[in-house]
Amino acid sequence: MSDSEQQETETAVSQPQWPENGGQWSDEEGGAGMDECGLAEMAEEDEEIDIYNNETFGLDMDTGVGDTEGDPTSPLFQFEEKPPAPPALPSLSPSSPSFSPRARPQLRVQGPPCRRGRGQRGGQAMAQMFEDPAVVRTVEGRPSLQSLDSAIVDVGSVSYWDDLDPDAWMLSSYERTRHGSGSVLQDPAIVCVMDSHAPGRGPNYLDSHYPFSNSSGRRGGLRRSYSNRPFGQRCPSPINTMLPTSPIVSRRPFTTQQHYNQAGGFLSPSPLPCPSTPQPLTPKMMQLRFGANSPRPSPFYSPSSNRVQRFRFPGPVTQLHPQHRRLLSQRQPRSQRKPDSWDPYCNLMSAKEKEWIIRLQMIQLQSENPHLDDYYYQEYYRRMEAKLAEEELGMRGKREPPKLTTPYVTKMESYTPVVHIEGSLGQVAVSTCFSPRRAINAVAAHCPHEELKDIRQQRLDVLKKIEKLFMVLLEVEEGQRMKAQVLGEGEEKGLMEKTEIKVEYIYSQLQHPDLEAGEEFLPCLLVSKGKQLLARLLPFLSHDAALKVLSMVTSHLPVLMSRDSDESLPVLYPSLRIVIGGMTFSQLIGVLKDFTASLPDSSDSSMCLSLVCQSKFGLSLLYALLSQGERLLSSDVPLEPSIGDFETWTDTVFLVASQLSQSALVEPLLLPSNLLTLFCRYLDKRTVHQLKSNMESATGYLALPS
Amino acid sequence: MNYMPGTASLIDDIDKKHLVLLRDGRTLIGFLRSIDQFANLVFHQTVERIHVGKKFGDIPRGIFIVRGENVVLLGEIDIDKLCDHILQQVSIEEILEEQRLQQQAKQKTEKAKVTALKDRGLSIPKADNLDEY
């Protein structure tokens with residue numbers, strides 16, 4: 001068997017990648033040893049790195065690699081029983097029958113990548129299981145630490161070094177960590193970063209495995225130390241051990257290069273399907289690679305490091321908005337790389353390293369409060385989701401693109417210049433002592449008497465107050481959002497209480513102390529920002545408080561409507577609609593009375609109703625109220641009306657109907673569907689028809705036919 | 001492919017030819033081989049390109065490692081589009097000579113300016129000394 005294998009080996013050694021004079025370096029194996037190439041080990045190594053990554057980052061790693069080699073652990077386990085007497089170099093030697101129990105061939109160089117893999121020493125049966133051509137070599141070895149934690153570099157056969165001095169190991173390990181020879185990725189600083197970052201959220205592999213790494217590590221360390229020694233000498237003292245490094249640290253270039261480090265194999269590009277990165281792989285490094293679990297750079301051989309970067313979700317380490325996740329998964333199959341021309345130096349950075357960086361960056365993006373820290377991202381995806389959901393639901397309807405409505409603002413006050421220069425347009429450009437500019441009233445002088453304050457001052461006061469209340473409102477809303485997350489029982493209660501207090505505070509502050517009852521909210525309501533504030537506050541208010549607001553709004557509707565220069569009243573509509581939806585019949589009637597009341601000041605006793613018809617907000621409010629009434633009446637809920645309610649209701653309906661049918665209507669914000677039903681019940685067909693056409697002409701909708 | 005759409009990442013730029021402008025004003029062109037989380041860059045087959053007027057010269061530099069904080073901007077170069085119609089490549093010696101002359105001229109004008117200002121009692125601090133402030 002071995003002979004044939006040898007032949008097979010030799011024939012396979014067609015590519016002069018690896019130095020042919022392998023016999024020179026390794027006593028144990030002749031040329032045969034060469035094809036103990038790292039490939040299969042590397043494949044397995046990559047596999048184990050994958051496993052590690054999987055465990056750390058929870059990735060759904062590419063299974064492609066693993067499939068070809070089968071289960072990495074089972075063959076390993078199998079070979080574990082090998083007697084260590086001839087030090088079973090799990091990686092390389094098995095195939096070589098002439099393996100002598102000599103020094104671990106750190107000097108041994110990996111043979112050329114070739115098809116091999118059968119006939120491990122004693123493991124032939126197992127190896128032959130892997131008939132897959134992609135399996136270059138199956139390797140024996142026990143699932144050392146490295147197989148479990150690919151962060152541990154240079155692990156060899158575990159059993160081999162058991163007899164060595166454990167203390168020496170400990171010492172050497174420190175020593176080892178001190179020099180950061182090698183690639184920048186091995187830099188302890190980086191390792192620290194990795195330690196702090198990567199395993200930060202998961203189990204800390206590196207630390208926990210450190211104490212156990214002795215046997216595994218020594219092999220690598222010894223190997224390394226051997227590089228400085230003459231061949232064949234076996235130094236029992238462990239000098240170095242493994243350096244726990246990041247999973248991506250797969251190479252350890254040595255500073256001293258041996259003479260056999262020739263361009264032959266390592267430095268020339270591999271004709272493998274995967275482009276290799278020969279440069280970082282010095283033969284010294286390859287020495288280390290004969291362990292079953294030696295690390296190796298994945299791009300060298302691994303099918304996983306193909307040109308097409310396989311995308312993997314970063315895993316639970318990162319917080320991606322679900323919509324984002326979906327997007328990425330959709331993109332996956334579509335992403336393709338145009339085939340680039342051959343670049344011998346490409347893929348210096350392995351896929352693992354790239355992923356590492358990406359993960360690192362993503363870790364930095366994590367936060368406790370994503371809605372606060374990354375508002376725009378969250379908002380973007382929330383809107384995208386909402387849009388998609390809408391499309392899915394197939395909601396049709398008159399969907400106009402949102403229009404930009406520039407508010408119509410009249411120039412309120414004219415600037416009264418202190419110095420007026422003839423022919424100039426306004427203020428002086430530079431303020432000098434002889435021609436000063438009017439200073440901006442940055443700090444409001446406190447005026448003790450309300451009446452003495454001029455209009456501007458009052459408005460400023462109100463605005464300032466509203467701003468402060470807005471801050472509190474934002475806190476309330478934040479609390480609301482946090483409540484949606486799972487909180488502990490005590491936490492939730494505390495949060496509720498705090499929210500309550502804040503809401504109370506805002507509510508009380510909104511009311512102007514000096515004005516009489518029924519007018520408290522007016523100053524705030526006259527300011528558009530105050531309207532927004534109230535609209536956002538309403539969901540948090542108790543029903544009574546909300547009703548109070550509503551009644552106040554309706555009672556002062558004419559004033560509000562007339563002074564709503566920038567059309568900001570509609571912002572109140574949604575919240576008020578919800579309030580209306582919870583009203584009882586009597587409350588409704590009370591509110592409706594306001595609509596039918598006549599204006600106190602007008603001479604021609606025009607009614608509020610006529611004004612309402614001209615106002616979007618007013619009309620919508622009216623519709624909402626009527627709709628609620630209709631809903632209550634047609635439902636089976638007992639109404640508990642007070643005396644005179646029904647009459648008032650009927651009167652109101654008639655009044656409204658007549659008004660609506662006469663005047664031109666504006667388009668309401670929302671046209672309830674049960675309005676016409678209501679009107680049909682009380683009115684004759686002709687009126688109803690007229691009403692219907694009037695309403696429809698305003699909206700363009702078809703009111704629901706009765 | 002960008003792992004995080006909407007974000008910027010150098011991962012997609014790897015193995016592509018780039019032009020990087022450093023804070024000290026140097027322009028490097030090379031293949032971006034490796035990056036890290038600080039945007040430290042490893043350039044391969046780097047060339048330092050000096051521009052003076054419409055002429056430029058390339059100094060081959062080999063492998064460059066640039067510390068991330070010194071990068072002003074970085075952009076990919078389209079290999080297929082070699083457009084040097086306007087710019088004229090000259091030898092290294094020539095371009096260095098041109099650069100030296102340019103620096104000389106600049107220094108002269110700067111000196112003249114400073115003298116003129118000094119005569120009028122003004123002194124403008126030089127921005128390059130201020131660094132971050």
Side-chain angles (χ1 to χ4, degrees), chain A residues 183-185 187 189-190 193-194 197-198 248 275 277 279-280 307-314 318-321 323-325 327-328 330-337 340-341 343-351 353-365 374 376-377 380-381 384, chain B residues 1-20 22 28-49 58-83 122:
Chain A
S183 69
V184 66
L185 296 160
D187 189 11
I190 302 220
V193 167
M194 271 299 296
H197 277 206
I248 61 168
T277 57
Q279 276 178 339
R307 288 303 203 137
V308 177
Q309 300 285 340
R310 198 176 334 209
F311 174 71
R312 302 171 198 141
F313 279 121
T318 59
Q319 305 166 324
L320 282 184
H321 195 274
Q323 184 59 32
H324 192 177
R325 212 175 272 272
L327 259 184
L328 291 176
Q330 280 167 20
R331 282 194 191 190
Q332 245 175 318
R334 282 192 259 131
S335 74
Q336 274 182 33
R337 278 247 163 123
D340 358 29
S341 45
D343 183 2
Y345 299 102
C346 67
N347 280 356
L348 263 165
M349 221 178 153
S350 67
E353 289 161 356
K354 290 182 191 174
E355 289 212 14
W356 177 63
I357 290 181
I358 289 170
R359 276 195 215 115
L360 207 58
Q361 290 174 333
M362 283 182 152
I363 287 172
Q364 292 165 355
L365 294 177
D374 203 358
Y376 291 101
Y377 171 86
Y380 177 76
Y381 280 102
M384 193 189 298
Chain B
M1 109 140 78
N2 198 350
Y3 283 57
M4 295 268 292
T7 62
S9 170
L10 289 172
I11 294 286
D12 304 325
D13 288 335
I14 288 199
D15 293 336
K16 296 185 182 148
K17 194 167 186 187
H18 279 73
L19 181 147
V20 62
L22 303 180
L28 301 177
I29 296 173
F31 288 92
L32 183 63
R33 291 299 177 196
S34 187
I35 58 166
D36 72 350
Q37 68 265 36
F38 307 111
N40 295 330
L41 315 167
V42 174
F43 279 96
H44 181 234
Q45 291 169 354
T46 323
V47 141
E48 180 182 337
R49 185 164 286 189
D58 286 344
I59 305 175
R61 294 288 193 190
I63 298 180
F64 244 79
I65 296 182
V66 180
R67 189 179 164 93
E69 64 171 339
N70 293 309
V71 172
V72 171
L73 51 83
L74 166 74
E76 188 186 337
I77 291 180
D78 193 341
I79 298 181
D80 307 324
K81 264 208 270 182
L82 284 177
C83 55
L122 301 165

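Lettering follows sequence order; numbering is per chain, from 1. Atoms considered below: every heavy atom in the structure, side chains included; atoms not considered: hydrogens, waters and symmetry mates.
One finds the CG atom of A:Leu360 at 4.5 Å from the CD atom of B:Gln37 (value rounded to the nearest 0.5 Å). The distance from the CG atom of B:Leu32 to the CE atom of A:Met349 is 8.5 Å, given to the nearest 0.5 Å.
At a 4.5 Å heavy-atom cutoff, the contact between B:Ile35 and chain A is made by backbone and side-chain atoms alike.
Looking at every heavy atom in both residues, A:Asn347 comes nearest to B:Asp15 through N-OD2, 2.9 Å.
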